Amino acid sequence: MAASEERRFQALVLAPIRRVQRRLNAVAWAEAGIVPMWATATACVLARFLLRGAFVWALPPLLALGLGAWFWRARSRRVSLEQAAVLADRSANAGGLLLTRLERPVGSGSWPSISSRVG
């Protein structure tokens, strides 16, 4: 098989898995932002009441801290390609076809642990 055919084959196999991964990551990022958003809004309101005139100077650090907390929480919730492959395989009722196309070694032991974490 030529290199270009191999790339096309891998792209065909990985396309549904990457789509699932993108969707799961988008949900994880949105969920990770809920707590930092409310904490930042509360801190901004308290700063508005307590600092009055200096509120303009307190706002940028509070917003930066909130965005940093959101980013930190979201990075820890990322969905790996292997987890997305397991979910894509289950949702397609492929019976392991997508997983075997990824050519994972049988004795790697990674699929049972991923399967137990996901489902």
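As the structure is a prediction and not an experimental result, all values here were calculated from the model.
- Rounding to the nearest 0.5 Å places CH2 of W72 at 15.5 Å from CG of L67.
- No donor-acceptor pair under 3.5 Å is formed between the side chain of N25 and the backbone N or O of R78.
- The distance from the CD1 atom of I17 to the CD atom of Q83 is 13.0 Å, given to the nearest 0.5 Å.
- With hydrogens and angles ignored, the 3.5 Å screen pairs no side-chain donor or acceptor of W29 with any backbone N or O of F71.
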Determine, step by step, whether T40 and L65 satisfy the side chain to side chain contact (heavy atoms under 4.5 Å, CB included) criterion, reporting the C-alpha distance in whole Å, the side-chain angles of both residues, the deciding distance to 0.1 Å, and the verdict.
CA-CA 8 Å; T40 303; L65 187 64; over 6 Å; no
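- F55 belongs to a hydrophobic cluster whose remaining members, ordered by chain and number, are L59, L63; membership requires side-chain heavy atoms of ILVMFWY residues under 4.5 Å apart, directly or through intermediates.
- For CZ of R48, the number of neighbouring non-hydrogen atoms (other residues, nucleotides, ligands) closer than 6.0 Å is 12 at most.
- Here the side chain of R73 pairs a donor or acceptor atom with the backbone of A32 at under 3.5 angstrom.
- Considering all non-hydrogen atoms of both residues, A84 and V79 come closest at N-CG1, 4.1 Å.
- Side-chain contact between L81 and R18 is present, with heavy atoms from C-beta onward closer than 4.5 Å.
- Across all their heavy atoms, L62 and A47 have their closest contact at CD1-CB, 3.9 Å.
- Judged by distance alone, with hydrogens and angles left aside, the side-chain atoms of E31 form no donor-acceptor pair with the main-chain N or O of A28 at under 3.5 Å.
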